[in-house]
Amino acid sequence: MLFFKRHRQPGVKGWELKKELGNNYMDLIKVLNSQLEKLDLQVKTISEETELSKKSSEQQLDKARFIITTKSPSSIAETKTSGWRIDDVAALTVTVACIISRQGKMPRGEIEKILKDKFPEWKVKSNLDKFVKIGYLRQDENNLLYLDWRSYIEIDRERLLKLILSEGLTAALAPT
Amino acid sequence: MPDWKIPEDLILDAETLNQISRIIDLQSEWLRNRASSMYVDPLMIELKVRALDSRSLSDIFIESWHPPMEMERLTPEKLKESIEYWKQLPPIEERLKGLPVPPSAELELTSMDALLRSGLLSEKTFDEVLQMFWKELKDRSKVGKERYWSFILADTYKETILRAYITSFLVSYGYATLEMEPMKEDVFLIPFEEERRPVEKKRSFSMPISIDYETWKTMREGKQIE
């Protein structure tokens, strides 16, 4: 159930797991998690917009989505040919990092301005539309961009920021 | 307190206190964010990402990326099901032949007059009927909600349809709301104590509920057994 997609979204809702596995489905998820760990996989839980904490209520869990992801990013470091162009990944990284640094929201115009520094305008617009469509970003009626479910599930946001901040430092300390 | 001469002074002071507490709340949120490990100066991030090339940015992304695992394949059960479906599906020509001839009389929207004439509504004004239903729903849902089918179910099919029709207005006009419990596949009506203006269009949604004769009969029999 956890591996199959529903309506283009991976994973399964808590209430669906409850229906199939019974009321103690969270205990089974814990057991599954310990088994998946051996395969370097994990079950992640998110509500519609954000990652759920460990103390979530039963009601929150029922409405949440359960998805299996890789546990450590390093194991897939070599899978760089996942169908994404390097420019698209770079644009996504910049967008996500800027949104996190602005406390979770940022006007689309400002993101476009930063991205247009290196990419053509048509590319910037199509990239942002694509990120919204596939669930990395959410856009409201005031053209503010927020992170969406896929960013919460897939991206270790803290690590992303640390890596960006340390990147310049690494370059500066590198022997010339 | 001795300086409070008129109630307006008290109201103004309360309003001021409310605004001050809001500011403190926002300041606390700001402090929490700055103290969290996710806090970084936005300008610093902007400068960093502007300085990095696409290759470095992609490497950073991959190092913090946990892609979801998905399976995109058909299960043997689904294949079996689809083969059965294919076997039982009549040729398209036959299916087209079997479609019923459209009725000669065209469908048209009903009006209040038509409902009154057909006896679906009484002489009471529609508003009175709505108020009556609202009161009945409030009386019947002592625990805060009432099962939708229990509320609309009546002795005859015609009356059940009428009750469902009026109930739909209770929800649309903001006298009650619907709640669905996907686990039990049940729908509940929750009456409001005060009439609420219909929510913004973007937040509202429609919930179609089929009330065909067979379902009514089953529900009716179930109630009689109870």
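To find a chain, count down the sequence lines: A is the first, B the second, and so on, and within it residues start at 1.
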**OP:** Spell out the residues in residues 113-125 of chain A that have some non-hydrogen atom less than 4.5 Å away from a non-hydrogen atom of chain B, in order of number; otherwise answer 'none'.
**Re:** Ile114(A), Asp117(A), Lys118(A), Phe119(A)
Original post:
Is there a side-chain contact between Gln103(A) and Pro42(B) (heavy atoms, below 4.5 Å)?
Top reply: no
**OP:** Using the test ring-ring contact (aromatic ring centres under 6.0 Å, His included), find all partners of Tyr85(B) that sit at least two apart in sequence or belong to another chain.
**Re:** none
Original post:
Say you draw a straight line from NZ of Lys48(B) to CG of Leu163(A); how long is it, rounded to the nearest 0.5 Å?
Top reply: 12.0 Å
Subject >> Reported CD1-to-CD1 distance for the pair Ile45(B) and Ile99(A), which is rounded to 0.5 angstrom >> reply: 12.5 Å
Original post:
Are Ile155(A) and Phe61(B) close enough, and set up right, to give a side chain to side chain contact (heavy atoms under 4.5 Å, CB included), and what steps lead you there?
Top reply: CA-CA 8 Å; Ile155(A) 304 170; Phe61(B) 181 81; 3.5 Å; yes
Subject >> Residue pair Glu63(B) / Arg159(A): nearest heavy atoms and the distance that separates them >> reply: O-NE, 2.7 Å
**OP:** Identify whether the distance between the nearest side-chain nitrogen and carboxylate oxygen of Arg102(A) and Glu46(B) falls below 4.0 Å.
**Re:** yes
Original post:
Is a donor on one side and an acceptor on the other found under 3.5 Å between the side chain of Ser58(B) and the backbone of Ile86(A)?
Top reply: yes
Original post:
Considering only heavy atoms from C-beta outward, does the side chain of Leu57(B) approach that of Val89(A) to under 4.5 Å?
Top reply: no
